[in-house]
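Nothing fancy with the numbering, it's 1 onward along the sequence. If you're wondering where the values come from, they're calculated on a predicted model, not measured in any experiment.
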Amino acid sequence: KPLNSLKGYIGHTLGASGIVEAILSAEELKSGYIFGTKGFTSSDTPHTLTLSAEEQKIEGRCCVKTASGFGGCNAAIVLDMEPRTRAIPERTGVAKVVAEYELPQSDMPFAEFIRGEFKSFGESNMKFYKMSDMSKALYVAVERLLAKQNMADVEPTRRAIVLANRSASLDADVIHQQILNQHLAEGASPAAFVYTLANVAAGEMCIRHKIQGDNTFFIDNEDCGVEQEYARALIERGDMDVVIAGWCDYLNENWRVNIKLLKQFPFQSFSHHLNILYFFFPKEKRKERKMTNFNLKLMKTVSLISKQK
């Protein structure tokens with residue numbers, strides 16, 4: 001199978017790299033050709049790869065597009081020119097919020113406020129002071145959240161973190177650009193550059209709290225709950241047992257961090273709940289259960305319970 005890399009053509013587009021390369025991959029499928037890998041001369045892997053600096057013709061109608069970045073962001077999607085049906089995964093559990101925390105607002109400058117919050121933990125983690133402001137806000141919020149309800153009973157591979165915000169890593173991007181504009185002899189600061197992806201904040205939490213499952217950061221204009229929906233889907237289809245999910249945004253001294261801890265609980269079917277309701281009936285009413293139309297039965301159930309009250 002032919003392989004290629006697109007970064008040599010477009011450089012580092014930061015948070016846009018995944019979508020830009022996905023669009024280019026879709027166009028390659030449509031044309032039947034893939035770009036050569038810019039700058040490629042020879043492979044140093046022990047495996048034979050169909051890799052070339054020249055354009056290659058492809059016969060397939062689908063491809064796998066992968067992306068890897070800072071903070072543990074490793075993703076893959078399959079693009080297919082043919083419509084396919086997909087089985088809906090069976091629901092294995094139900095997601096419930098067991099704890100919630102919102103980072104309070106303050107009249108103090110953020111640096112002073114967040115430093116005070118961190119010191120209240122009595123920790124000596126010097127890495128905290130090197131983090132971006134958004135990462136610091138998330139660090140404190142997650143500590144407060146897990147103090148309410150921890151996830152020590154869940155295997156690291158069954159833990160996930162799913163976040164969303166509006167500003168992406170724009171605050172860190174501005175700082176990085178200001179350093180570049182100074183044209184310093186030592187060049188850009190790696191300490192600032194590493195935070196120019198929003199998911200790095202989530203990655204810091206993955207390292208600290210041994211979260212080895214899903215790590216996703218959505219960018220949206222407003223908090224429409226997409227991160228909550230995805231978190232619930234991860235739990236209800238059986239992929240994860242616990243998820244930290246919520247909104248984490250910081251830009252120019254303005255912040256809003258509101259996160260929740262969702263855990264998996266056993267899923268009980270519709271018929272299970274009907275059976276429970278059935279035993280609330282007096283004996284003379286239990287013949288209603290013999291009805292074959294369960295929708296009608298549910299309506300009668302609600303009516304009967306209200307009359308009993």
Side-chain angles (χ1 to χ4, degrees), residues 1-84 130 132 134-135 163-204 206-207 212 214-220:
K1 301 287 189 301
L3 306 172
N4 75 342
S5 173
L6 298 167
K7 190 173 181 180
Y9 294 97
I10 60 176
H12 196 328
T13 52
L14 301 176
S17 60
I19 188 62
V20 170
E21 292 187 7
I23 292 170
L24 290 173
S25 298
E27 290 300 317
E28 288 176 318
L29 284 177
K30 290 179 183 179
S31 69
Y33 288 88
I34 65 170
F35 295 109
T37 298
K38 197 174 184 66
F40 174 77
T41 54
S42 62
S43 174
D44 59 359
T45 67
H47 305 286
T48 302
L49 301 176
T50 311
L51 196 58
S52 172
E54 305 300 323
E55 184 181 82
Q56 298 183 72
K57 182 174 177 57
I58 54 173
E59 303 295 338
R61 301 282 289 170
C62 65
C63 73
V64 176
K65 168 71 187 78
T66 63
S68 300
F70 295 128
C73 180
N74 301 294
I77 60 171
V78 175
L79 302 177
D80 198 337
M81 296 289 288
E82 304 294 337
R84 297 177 186 269
K130 298 179 181 180
S132 67
M134 185 171 75
S135 295
L163 302 169
N165 76 6
R166 184 175 188 273
S167 305
S169 59
L170 188 57
D171 195 79
D173 297 343
V174 170
I175 293 171
H176 175 60
Q177 187 61 51
Q178 289 172 342
I179 295 172
L180 292 178
N181 292 345
Q182 296 177 40
H183 301 288
L184 301 174
E186 61 271 25
S189 167
F193 173 73
V194 73
Y195 289 101
T196 56
L197 284 175
N199 66 288
V200 173
E204 295 276 17
C206 289
I207 295 169
Q212 298 174 9
D214 200 299
N215 167 6
T216 300
F217 208 121
F218 293 98
I219 309 300
D220 210 340

Q.
Please check: side-chain N/O of Ser169 versus main-chain N/O of Ala172, any donor-acceptor pairing under 3.5 Å?
A. no
Q: Output, in order, the C-alpha distance, side-chain angles, deciding distance and verdict of side chain to side chain contact (heavy atoms under 4.5 Å, CB included) for Leu6 and Ser25.
A: CA-CA 9 Å; Leu6 298 167; Ser25 298; 4.1 Å; yes
Q: Quick one: closest heavy-atom pair of Leu3 and Leu51, and the distance?
A: O-CD1, 3.3 Å
(Q) Between Val20 and Ile10, does the side chain to side chain contact (heavy atoms under 4.5 Å, CB included) criterion hold? Intermediate values first, please. (A) CA-CA 9 Å; Val20 170; Ile10 60 176; 3.7 Å; yes
Q | Modelled atom types, side-chain donor and acceptor of Tyr9 and Glu21, under 3.5 Å | A | no
Q. Looking only at heavy atoms, what is the nearest atom pair of Ile58 and Pro2, with distance?
A. CG2-CG, 3.4 Å
Q: Please report the shortest heavy-atom distance between Thr66 and Ala76, naming the atom on each side.
A: CG2-CB, 4.1 Å
Q.
With a 6.0 Å cut-off (strictly less than), is the heavy-atom count around NZ of Lys1, excluding the residue itself, greater than 12?
A. no
**Q.** Closest contact, heavy atoms only, Asn215 versus Ala202
**A.** OD1-CB, 3.4 Å
Q) Would you say the side chains of Gln177 and Asp173 form a donor-acceptor pair under 3.5 Å? A) no
(Q) Looking at every non-hydrogen atom in both residues, tell me the closest pair between Ala201 and Met134 and how far apart they are. (A) CB-CE, 4.1 Å
Q. Less than 4.5 Å apart, any side-chain heavy atom of Leu29 and any of Leu79?
A. yes
Q. Okay, side chain of Thr37, backbone of Ser5: is any donor-acceptor separation there less than 3.5 Å?
A. yes
Q | Value rounded to 0.5 Å, distance of CD in Gln182 from OG in Ser189 | A | 10.5 Å
Q: Check the pair Glu204 / Tyr195 against side chain to side chain contact (heavy atoms under 4.5 Å, CB included), numbers first and verdict last.
A: CA-CA 10 Å; Glu204 295 276 17; Tyr195 289 101; 2.6 Å; yes
Q. Is any side-chain heavy atom of Lys7 less than 4.5 Å from a side-chain heavy atom of Lys38?
A. no
Q.
Once rounded to the nearest 0.5 Å, what's the spacing between atom CG of Asp214 and atom SG of Cys206?
A. 9.0 Å
Q. CG of Leu180 to CD1 of Ile175: how many Å apart, nearest 0.5 Å?
A. 12.0 Å
**Q.** Minimum heavy-atom distance Ile179-Gly187, with the two atoms named
**A.** CG2-O, 4.3 Å
**Q.** side chain to side chain donor-acceptor pair (under 3.5 Å) partner of Asn4, chosen from Glu55, Gln56, Glu28
**A.** Glu28
Q.
Applying side chain to side chain contact (heavy atoms under 4.5 Å, CB included) to Asn165 and Ile219, what does each step give before you reach the verdict?
A. CA-CA 5 Å; Asn165 76 6; Ile219 309 300; 3.4 Å; yes
Q.
Nearest 0.5 angstrom please: Glu27 CD to Tyr33 OH, how far?
A. 15.5 Å
